[in-house]
Asker: 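Have a look at this one before I ask anything.
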Amino acid sequence: MSKPSLPQGTRDFGPDIVRKRAYIIDSIKKVFELYGFEPLETPAMENLDTLMGKYGEEGDKLIFKILNNGLSDPKNIDKAKAAFENVLAGKNDKNLTERALKYDLTIPFARYVAMNHGQLTFPFKRYQVQPVWRADRPQKGRYREFYQCDADVVGSTSLINEVELAGIYDKVFAQLNIPVEIKLNNRKILAALAECCGGSEKMTDITVAIDKLDKIGIEKVQEELRQRGLNEQQVDIITQYLKIEGTNTEKLDRIKTIFGASTTGAKGIEELEYILGYPSSLSGKNELVVDLTLARGLNYYTGAIFEVKAKHVTIGSIGGGGRYDDLTGLFGVPGIPGVGISFGVDRIYDVLEELKLFPEQVQSGTKVLFFNLGDAESKKAFELMQQLRAKSVSCELYHEQAKFDKQFKYADRKHIAYAAMIGSRELENGTCNVRNLATGEQKVLFFSELVDHPF
RNA sequence: GUGGCUGUAGCUCAGUUGGUUAGAGCAUCAGAUUGUGGUUCUGAGGGUCGCCGGUUCGAACCCGGUUAGCCACCCCA
């Protein structure tokens, strides 16, 4: 027997971690529900053609493919061998693999909407929290299996959706006590910038480069722009654009003078102003900040784009999203626009850990541990425990008679708040010693009082 | 896919220019302690030094290969 191990880039989540993650995910789900979003789950695997070609050339390589069953069946062997040649040549072949693990939540959602658009009520607002898989090489903060947590509204071009999504970000992070900056920009403004710099075909090059700004700095961005074929004058325009500073209104005024003439640019500015000018749904704890340098790597965004950064920590973005024009066109159902956001659960976890913001009670499951101090004693304890459970107090009885030391240690390790001790003397008196394990404070309660004790 | 670093006890890691029987801390178990924990003290168990080969009188240590993990790049969450 070889040592058991995990596949590269995957993780087990122990009890403590599951509890903490559930705290994050439950908070997010509750807010989604509060805003009228409905849950959706899709299978772990999709047909390979549903996924292929949707994530670019790089993305295709990172899709986890599933080998077909029954390849060794004599009647399939020749086909399988021929298929393998195809695969070696870098192509896919259905005779070898026709299914794959899902790569993100957006494409399966698009597939679902395309399949069910006749039945759905639009605008359709869905949220989805599920694992996805990537055949990437893992590194810090990057895994081969990880959770995505998405909410999208499809079938509506109304900017009220953007306002609502910003509100969701604000509400979630206010609840989790993480101060954040919700950054907002608009792809149409970036499109206008591209127009000024030699045409819209440069749009992707420009966004990919300036998306890296906060990571690599202005000089490297300029270098990358040159590498991507922009001339000095164009790099100069972009540099000036990236240096625009001030309040939201100041920034908007500034770009109005630059891009006001461009219809696309004017539209983008108008959209930004609409979102910012809408009666605020924000808690007041977080700010909505126009960040003209925000670009987002994904090039299917066409309107508003979002990104959320936690204040006071160096960790990168903990959420992002934006508007796209045509979600389901790839699946033969054109004309369904949408806007969505995503939460980075793993990074939010790291932020909460770093800022020590996980509430104490997240840690514990069992509230009361009944000590086992003998046969007759434990039977009485068992009865009392059942009464407490009937009142929804989670509790357990130590599994065997043991020294106090052991039972205390067990309680400690499971972060149990109270120990209920019934020994021979207590059994005789009809009492129970209830000890608060954090404070050491101990009370004597009659059996009848225990059930109503506020744990 | 490309590059760098690391594999020694359950965990975190020492291990001298290659030299007797490979160590520590934490954890576990037992005792000090037969009714009150997180402290302390004593003791015990626990190892294919990732794996295969080579050099050598002798390898955890040097060399080659292999495998796994981590980190960075590309890309992304």
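Because only heavy atoms are used, hydrogens play no part in the values below, and waters and symmetry mates are left out as well, while side chains stay in.
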Asker: Measure from the side chain of Arg435(A), starting at C-beta and using heavy atoms only, and say which of C74(B), A30(B), G37(B) lies closest.
Answerer: G37(B)

Asker: Tell me: CG of Leu62(A) to C1' of U2(B), nearest whole Å?
Answerer: 14 Å

Asker: Would you say Gln407(A) places a side-chain N or O within less than 4.0 Å of OP1 or OP2 belonging to U36(B)?
Answerer: no

Asker: Would you call Lys61(A) and Glu58(A) a salt bridge, taking side-chain N to carboxylate O under 4.0 Å as the test?
Answerer: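 Counted as a salt bridge, because a side-chain N and a carboxylate O are separated by less than 4.0 Å.
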
Asker: Looking at G37(B), C29(B), C75(B), which one has an atom nearest to any side-chain atom of Asp405(A)?
Answerer: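 So the side chain of Asp405(A) is nearest to G37(B).
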
Asker: Figure out the OH/P separation between Tyr55(A) and A77(B), and round it to whole Å.
Answerer: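 Atom OH in Tyr55(A) sits about 11 Å away from atom P in A77(B).
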
Asker: Measure CG/Asp60(A) against P/C75(B) and give the value in whole Å, please.
Answerer: 16 Å

Asker: Compare the minimum distances between each of G69(B), A77(B), U36(B) and the side chain of Arg142(A), then state the nucleotide with the smallest one.
Answerer: A77(B)

Asker: Determine the interatomic distance between C1' on C26(B) and the same-named atom on A14(B); round to the nearest Å.
Answerer: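 About 14 Å, rounded to a whole number of Å.
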
Asker: Applying a 4.0 Å non-hydrogen cut-off, can you work out what Gly141(A) is touching in the nucleic acid: base, sugar-phosphate, or nothing?
Answerer: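 Base, at least one base heavy atom under 4.0 Å.
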
Asker: When all nucleic acid strands are considered with a 4.0 Å heavy-atom cut-off, which category describes Ser424(A): base, sugar-phosphate, or nothing?
Answerer: base

Asker: To the nearest 0.5 Å, tell me how far Leu230(A) CG sits from Ile206(A) CD1.
Answerer: 5.5 Å

Asker: Among C70(B), G37(B), C76(B), find the nucleotide with the atom closest to the side chain of Gln8(A).
Answerer: C70(B)

Asker: Using atom P in both nucleotides, what's the gap between A22(B) and A60(B) to the nearest angstrom?
Answerer: 10 Å

Asker: Students often get this wrong, so: under 4.0 angstrom with heavy atoms, is Tyr143(A) touching a base, only sugar-phosphate, or nothing?
Answerer: base

Asker: Looking only at side-chain N and O atoms, does Arg413(A) come under 4.0 Å of OP1 or OP2 in U28(B)?
Answerer: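 Answer yes for this pair, as a side-chain N or O of Arg413(A) is under 4.0 Å from OP1 or OP2.
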
Asker: Mapping Phe146(A) and Lys409(A) onto RNA chain B by nearest heavy atom, which one lands closer to the 5' end?
Answerer: Lys409(A)

Asker: Using a heavy-atom cut-off of under 4.0 Å over every strand shown, decide if Leu437(A) touches base, sugar-phosphate, or nothing.
Answerer: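 Counting heavy atoms under 4.0 Å across all strands, the contact made by Leu437(A) includes a base.
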
Asker: Parallel, tilted or perpendicular: which fits the ring planes of Tyr300(A) and Tyr324(A), with parallel below 30° and perpendicular above 60°?
Answerer: perpendicular

Asker: Quick one: on RNA chain B, does Asn433(A) or Gln139(A) contact a more 5' nucleotide (nearest heavy atom)?
Answerer: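 Its nucleotide being nearer the 5' end, the pick is Asn433(A).
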
Asker: Expressed as a whole number of Å, how far does the P atom of A68(B) sit from that of C52(B)?
Answerer: 16 Å

Asker: Taking only the C1' atom of each, what is the distance from C63(B) to C73(B) in whole angstrom?
Answerer: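 So the two C1' atoms sit 30 Å from each other.
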
Asker: Going by number, which of residues 343-354 of chain A have a non-hydrogen atom under 4.0 Å from RNA chain B?
Answerer: none

Asker: Could you work out the separation of C49(B) and G23(B) based on their P atoms and round it to a whole Å?
Answerer: 14 Å

Asker: Taking the same atom, C1', in G18(B) and in A77(B), what whole-Å distance lies between them?
Answerer: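 Result for the C1' pair: 48 Å, nearest Å.
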
Asker: Would you classify Glu426(A) as touching base, sugar-phosphate or nothing, given that sugar-phosphate means primed atoms plus P, OP1 and OP2, and contacts are heavy atoms under 4.0 Å?
Answerer: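 If one applies the 4.0 Å heavy-atom cut-off, Glu426(A) turns out to touch a base.
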
Asker: The side chain of Lys215(A) is closest to which nucleotide in this list: C75(B), C70(B), A72(B)?
Answerer: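 Within the option list, the nearest is C75(B).
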
Asker: Using a 6.0 Å cut-off, check whether atom CD of Glu400(A) has over 12 heavy atoms from anything other than its own residue.
Answerer: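 Counting neighbours around CD of Glu400(A), more than 12 heavy atoms of other residues, nucleotides or ligands fall under 6.0 Å, so yes.
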
Asker: If I take atom CG in residue Asp211(A) and atom C1' in nucleotide C76(B), what distance separates them, rounded to the nearest angstrom?
Answerer: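 The answer, rounded to whole Å, is 10 Å.
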
Asker: Below 30° counts as parallel, above 60° as perpendicular, anything between as tilted: where do the rings of Tyr103(A) and Tyr55(A) land?
Answerer: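 Correct class here is tilted.
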
Asker: So what does Gln442(A) touch, heavy atoms closer than 4.0 Å: a base, only the sugar-phosphate, or nothing?
Answerer: base

Asker: Distance between the P atoms of C41(B) and A24(B), in whole angstroms?
Answerer: 16 Å

Asker: Going through the checks in order, is the side chain to side chain donor-acceptor pair (under 3.5 Å) test met by Gln407(A) and Asn372(A)?
Answerer: CA-CA 8 Å; Gln407(A) 308 199 39; Asn372(A) 187 330; 5.7 Å; no

Asker: Check this one for me: any side-chain N or O of Lys403(A) less than 4.0 Å away from OP1 or OP2 of G31(B)?
Answerer: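 Yes, such a contact exists.
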
Asker: Please evaluate residues Tyr169(A) and Phe343(A) with respect to the criterion ring pair (Phe, Tyr, Trp, His ring centres under 6.0 Å), reporting the C-alpha separation (whole Å), side-chain torsions for both, the decisive distance (0.1 Å), and the verdict.
Answerer: CA-CA 9 Å; Tyr169(A) 270 142; Phe343(A) 286 83; 5.1 Å; yes

Asker: Rounded to whole Å, please give me the gap between CG in Leu369(A) and P in U36(B).
Answerer: 17 Å

Asker: Of all the nucleotides listed (U33(B), U36(B), C71(B)), which has the minimum atom distance to the side chain of Phe404(A)?
Answerer: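 Looking only at heavy atoms from C-beta outward on Phe404(A), the closest nucleotide is U36(B).
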
Asker: To the nearest Å, give me how far apart CG (Asp214(A)) and P (C76(B)) are.
Answerer: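 Atom CG in Asp214(A) sits about 15 Å away from atom P in C76(B).
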
Asker: To the closest 0.5 Å, what do you measure between CG (Leu437(A)) and CZ (Phe408(A))?
Answerer: 6.5 Å

Asker: Scan Gly56(A) against the nucleic acid and name what it touches under 4.0 Å (heavy atoms): base, sugar-phosphate only, or nothing.
Answerer: nothing

Asker: With rounding to whole Å, what would you report as the distance between C74(B) and U16(B) at their C1' atoms?
Answerer: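 The answer is 43 Å between these two C1' atoms.
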
Asker: Runs of at least three consecutive Watson-Crick or G-U pairs, both distances under 3.5 Å, are what I'm after; which ones involve RNA chain B?
Answerer: B:1-7 with B:67-73, B:10-13 with B:23-26, B:28-32 with B:40-44, B:50-54 with B:62-66

Asker: Assign Lys61(A) to base, sugar-phosphate, or nothing according to its heavy-atom contacts below 4.0 angstrom with the strands shown.
Answerer: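 Nothing, no heavy atom under 4.0 Å.
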
Asker: Under a 3.5 Å threshold, yes or no: a donor from one side chain and an acceptor from the other, between Gln128(A) and Tyr112(A)?
Answerer: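 No donor-acceptor contact under 3.5 Å links the two side chains.
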
Asker: Before you tell me yes or no, could you show the steps for Glu353(A) and Phe358(A) under side chain to side chain contact (heavy atoms under 4.5 Å, CB included), namely the whole-Å CA-CA distance, both residues' side-chain angles and the distance that decides it to 0.1 Å?
Answerer: CA-CA 7 Å; Glu353(A) 201 70 275; Phe358(A) 279 112; 4.0 Å; yes

Asker: Less than 3.5 Å apart, any donor N or O on the side chain of Glu396(A) or Thr366(A) sitting next to an acceptor on the other?
Answerer: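 Side chains of Glu396(A) and Thr366(A): pair found under 3.5 Å.
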
Asker: Verify the distance criterion only: is there a donor paired with an acceptor across the side chains of Ser378(A) and Gln401(A) at less than 3.5 Å?
Answerer: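 No pair is found: no donor N or O on one side chain lies under 3.5 Å from an acceptor on the other.
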
